[in-house]
Amino acid sequence: MQEFVGRIRAAADKYRLIEDGDHIAVGVSGGKDSLALLCGLASLREYYPAQFTLTALTADPCFGGTQTDYGPIEELCRRLRVPYVIRRTSLGRIIFEERREPNPCSLCARMRRGILHNMAKDAGCNKIALGHHLDDAVETFFMNLFLSGKIGCFSPKSYLSRKDLTLIRPMVFCEEREIASVARRYHLPVVKSACPADGVTSRQDMKLRIARWEKEFPDLRAKVIGAMQRADLDGWQA
């Protein structure tokens, strides 16, 4: 855990993600990434030079019309001394039953982010932390290139002027395999998604392609991150 939290601190320091007095909302989906982020920030909170507080937020999509049981995550938040707010939504019904989206992930992500932004404001937070990691950044870079014909990626830090919120991604230096190891070692209470599209997305396809490319081009992910930093692409300054 110490090395993992160290990478979160490195990103926080480099991109000035955390400032004194911040109240940070942590978007918790129930997956390993968001739970590891929550635990990492809770640990960092104990010794980081800037004082900050946390609130965990979950927007339940209620896939299949069923509310998800987040009881184990509620217990984790109690142990971490982090307030936890769950909001039940109609995302599952809207996307899969009403609109019958052929490519649901993009719309679902946008709608869920909008709900989380509103929840963060309601909770009195000035920042919201999402669990995107290094692998996500590389996948996003290639998806933008091959699927949209553009060079770009999400930013480690961005300001949402319409909501007066700053969005931060403290795990951009953490690899997915390290996060998975943390989740296993500390028995994080992962809540499996009931999404019908889980595991059959364009992002999953890109993840598999990158794994194949790295057999031919070692350290491909590190090289992509380095290139984005040297080019100061979307705030990834060196």
Side-chain angles (χ1 to χ4, degrees), residues 8 11 15 17-18 22-38 40-41 54-63 67-68 70 73 82-96 98-99 101-141 143-144 147-148 150 152-172 174 176 179 191 193-198 201-204 206 234-236:
I8 291 178
Y15 298 116
L17 303 183
I18 300 174
D22 278 346
H23 184 179
I24 303 174
V26 184
V28 177
S29 66
K32 69 182 188 313
D33 301 336
S34 61
L35 291 175
L37 173 63
L38 175 63
L41 286 176
L54 299 171
T55 295
L57 306 177
T58 293
D60 181 8
C62 296
F63 291 118
Q67 294 186 359
T68 307
Y70 294 107
I73 297 178
V82 174
Y84 184 38
V85 181
I86 303 171
R87 182 168 296 178
R88 309 296 180 177
T89 77
S90 301
L91 278 175
R93 175 176 55 79
I94 293 171
I95 293 169
F96 290 102
E98 294 182 5
R99 298 188 55 156
E101 288 288 321
N103 298 298
C105 297
S106 178
L107 177 61
C108 184
R110 289 198 305 272
M111 292 181 68
R112 189 182 299 201
R113 281 198 300 270
I115 294 169
L116 285 174
H117 296 166
N118 290 336
M119 292 176 68
K121 292 299 291 185
D122 291 345
C125 301
N126 67 309
K127 291 183 178 176
I128 182 166
L130 300 180
H132 297 121
H133 46 66
L134 184 148
D135 296 65
D136 287 327
V138 175
E139 291 157 16
T140 299
F141 174 85
M143 289 173 70
N144 280 331
L147 302 181
S148 302
K150 64 181 181 181
C153 186
F154 56 69
S155 302
K157 177 181 180 181
S158 55
Y159 179 64
L160 309 173
S161 58
R162 291 179 60 187
K163 294 292 184 181
D164 190 26
L165 277 172
T166 299
L167 192 155
I168 61 175
R169 295 177 167 95
M171 295 201 302
V172 289
C174 303
E176 185 172 19
I179 294 169
V191 175
S193 172
C195 175
D198 192 35
T201 64
S202 297
R203 182 169 293 277
Q204 180 63 26
M206 184 57 68
D234 293 326
W236 287 80

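Because the structure is a prediction, the values reported are computed rather than measured.
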What one should report as the nearest heavy-atom pair of M119 and T58 is CE-O, 3.6 Å

Straight-line distance of L57 CG to R87 CZ, nearest 0.5 Å: 8.5 Å

Once side-chain contact (heavy atoms from CB on, under 4.5 Å) is applied, do any residues pair with R162, and if so which ones, sequence neighbours excluded? none

Of all heavy-atom pairs linking L41 and A129, the shortest is CD1-CB, 4.0 Å

Please assess I168 against Y15 for the test side chain to side chain contact (heavy atoms under 4.5 Å, CB included), listing each intermediate value before the final yes or no. CA-CA 9 Å; I168 61 175; Y15 298 116; over 6 Å; no

Yes or no on side chain to side chain donor-acceptor pair (under 3.5 Å) for T68 and R88, after CA distance, side-chain angles and deciding distance? CA-CA 9 Å; T68 307; R88 309 296 180 177; 5.2 Å; no

Between I8 and M171, is any pair of side-chain heavy atoms under 4.5 Å apart? yes

Checking R203 against T140: is there a side-chain donor and acceptor pair closer than 3.5 Å? yes

Taking side-chain hydrogen bond (donor to acceptor under 3.5 Å, both in side chains) as the test, write out the residues that go with K163, two or more places apart. N118

For V82, the side-chain contact (heavy atoms from CB on, under 4.5 Å) test, sequence neighbours excluded, returns L38, R45, L54, A56, L80

Indicate the atoms forming the closest heavy-atom contact of A36 with I179, along with that distance. CB-CG2, 3.7 Å

Set of residues satisfying side-chain hydrogen bond (donor to acceptor under 3.5 Å, both in side chains) with respect to R112, sequence neighbours excluded: none

Residues L165 and Y159: closest non-hydrogen pair is O-CD1, 3.4 Å

Can you confirm whether R113 sits close enough to L160 that some side-chain heavy atom of one is under 4.5 Å from a side-chain heavy atom of the other? no

Among all residues two or more places apart in sequence or in another chain, which pass the ring-ring contact (aromatic ring centres under 6.0 Å, His included) test with Y84? none

For N126, give me all partners under side-chain hydrogen bond (donor to acceptor under 3.5 Å, both in side chains), at least two apart in sequence or on another chain. D22

